[in-house]
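Every value quoted in this text rests on a predicted model; they were computed, and no experiment measured them. Every chain is numbered from 1, with letters handed out A, B, ... down the list of sequences. We use all heavy atoms of the structure for the numbers below, so side chains are in, but hydrogens, waters and symmetry mates are not.
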Amino acid sequence: MSIEEKSLNFLEEIIDGDLNNGKYQSIVTRFPPEPNGYLHIGHASSICLNFGLTQKYPGYTNLRFDDTNPVTEETEYVESIKEDVRWLGFEWKNERYASDYFDQLYDFAVTLINKGLAYVDDSNSEEIAKMKGTPTEPGKDSPYRNRTIEENLDLFLRMRNGEFPDGSRTLRAKIDMSHPNLLMRDPVLYRIKHASHHRTGDKWCIYPMYDMAHGQSDSIENVTHSICTMEFVPHRELYDWLIGKLEIYPSHQYEFARRNINYTVTSKRKLLQLVNEKYVTGWDDPRMPTISGLRRRGYTPESIRDFCERIGVAKRENLVDVGLLEFCVREHLNRVALRRMVVFDPIRVIITNYPEGQYENLKSENNPEDETTGTREIPFGRELFIEKDDFMENPPKKFFRLAPGQMVRLKSAYIIKCDEVIKETDGSIRELHCTYFPDSRSGHDTSGIQVKGTLHWVCASHAAEVEVREYDRLFKVEDPAGEESDFKNFINEHSLNVVKGYAEPSLLSAQHKDRFQFLRKGYYCLDSDSEKEKLIFNRTVTLKDAWAKEQKKSL
RNA sequence: UGGCCCGUGGUGUAAUGGUAGCACUACAGAUUUUGGUUCUGUCUGUUAAGGUUCGAAUCCUUACGGGCCAACCA
């Protein structure tokens, strides 16, 4: 056992310090999704961070929906988010909604008005934008900036009562129109939206902006460490300003760099486009980087958590190699997946010295990495299928598979030798005539024959036809969102390849929770489209393929 | 061209003034009834220039590079 401690990330260091110097006895974090889309792998990072922190340190984590914009938010998203967080293996202390706090938030706004720190502006959005100034020029005060407190109070109440149309008025903080931070130039706090909210219905027609809702919700929940991504850095000044002026519980905001992954996009807006414009079949399409897509693809929560742990937390821009995610799922699946044999592109093998009509059942281990998984039986007979790729008439030097005159082991069965290649009239191969060595049966091999290669195979008469969906990366370029033109121009049109497979009969009883390794091919799981009569498997990820690499070298 | 944030191998992340480490990838080899797994080894790095210091990835200055900010989105 190593006593070496893993080094802390910068947030753990801050928390460690806060706990050690007595600033806090325990901490509160929150995961604050807006329910306007499904969670993706980037959110997984944030979830593992926020929940992970309160597993490591005393305290708890809330799930809080940042539902302040009724026009984009839906209950469907709320449900999916809860399912995904639980599936990842985390449980929140409290389920909260910013909309739970609408009354309180309204009171906060009134407090600001009473302090002379907020005012109702009759300007429309173009006018406000114009008066905002630019990064190099100061803004101009709105003509409505110096209304009396009484007038502001009256107008704000009438906004709430629905007397004004959308966009006609806003409540703005009164800060400084020449502030170097654009966000401090009298930011909008409340806007009018005559829209039905998924939780509060038609109770409200004014809704708080992010800045008016987020920090105050943190404060209400006594969140100690409010962790968000780097793009919110400029908001921190406003976050602190509002909490300070309101004199409420001082939550603090900390920022880390969002994780980007190559060959995909992680932006709810872009993912929504892929769904709406039918580039994928839905949010849970196995090619999507969503949690639900990864789940359907066959990824395990363990592998995703491991991935998030490995990529870490920092503040610099990053583009993580999707290969690491694949490594993590291979590593987990290698330990838990049941081994099965499936031939995809078959070539018929006739064992000429094996009696016609005779069959035997051979035992094979379910998982050599885990003996407790036991064995299964596989039928063997005179006619078999092997992979077309596993035979070559004129093999190159290091080809350890089947070739005329060459011998191979059939996994968990016998050693066979290829005697004859039977061809069609057009020259294509019809079948291979082979002989087997009866004394070479797996586990009882007394033949003394040494072979270099072992092949997977299925008994031709017992094989079950299944559909297999092979997936490739959704985009052809590393950073589709960073390209000049529209990200959809870089979609990989070959990201889905549907093939037929001939499976050993034990796969007929596959369950949705099962994870399989199809020997020498990859990891697979049953897809939700599967039916009793038509089994459909998703390829989660291929096995590493050293032979493919070897071949590439000689090209 | 204003402000803010950030620059460590191909990628991600450590080293908090004292031997630049770990993981993934790549490459080479060993083992293997999965060309998988496992094991061993190798390559590759502090953006640059000054300064402070016995000593700098670390502190300071400047330059360079990247990112964010001018929604009634979050």
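At B:G35, none of the side-chain N or O atoms of A:K398 fall inside 4.0 Å of OP1 or OP2 (strictly under the cut-off). OP1 and OP2 of B:G7 both lie 4.0 Å or more from every side-chain N or O belonging to A:K315. The side chain of A:R310 places no N or O atom within less than 4.0 Å of a non-bridging phosphate oxygen (OP1 or OP2) of B:U13.
Secondary-structure stems of RNA chain B, taken as three or more successive Watson-Crick or G-U wobble pairs (i with j, i+1 with j-1) under a 3.5 Å distance threshold, comprise B:2-7 with B:64-69, B:10-13 with B:21-24, B:26-30 with B:38-42, B:47-51 with B:59-63.
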Expected string for nucleotides 64-74 of chain B under the B/S/- scheme (protein heavy atoms, under 4.0 Å, primed atoms plus P, OP1, OP2 as sugar-phosphate) is ---SSBB-BSB
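With sequence neighbours left out, the side chain to side chain contact (heavy atoms under 4.5 Å, CB included) criterion links A:N276 to A:L272. For A:F164, the ring pair (Phe, Tyr, Trp, His ring centres under 6.0 Å) test picks out no residue, with sequence neighbours left out. Residues meeting the ring pair (Phe, Tyr, Trp, His ring centres under 6.0 Å) test with A:F65, sequence neighbours left out: A:Y97.
Taking atom CZ on A:R441 and atom C1' on B:U33, their separation rounds to 14 Å, with Å as the unit.
Atom NZ of A:K132 has more than 12 heavy atoms from other residues, nucleotides or ligands within 6.0 Å.
Looking at heavy-atom distances under 4.0 Å, A:K549 makes contact with sugar-phosphate atoms alone, never a base. At the heavy-atom level, A:F399 lies under 4.0 Å from base atoms of the strands shown.
Shown for residues 365-372 of chain A: residues whose heavy atoms fall under 4.0 angstrom of RNA chain B, namely A:P368, A:E369.
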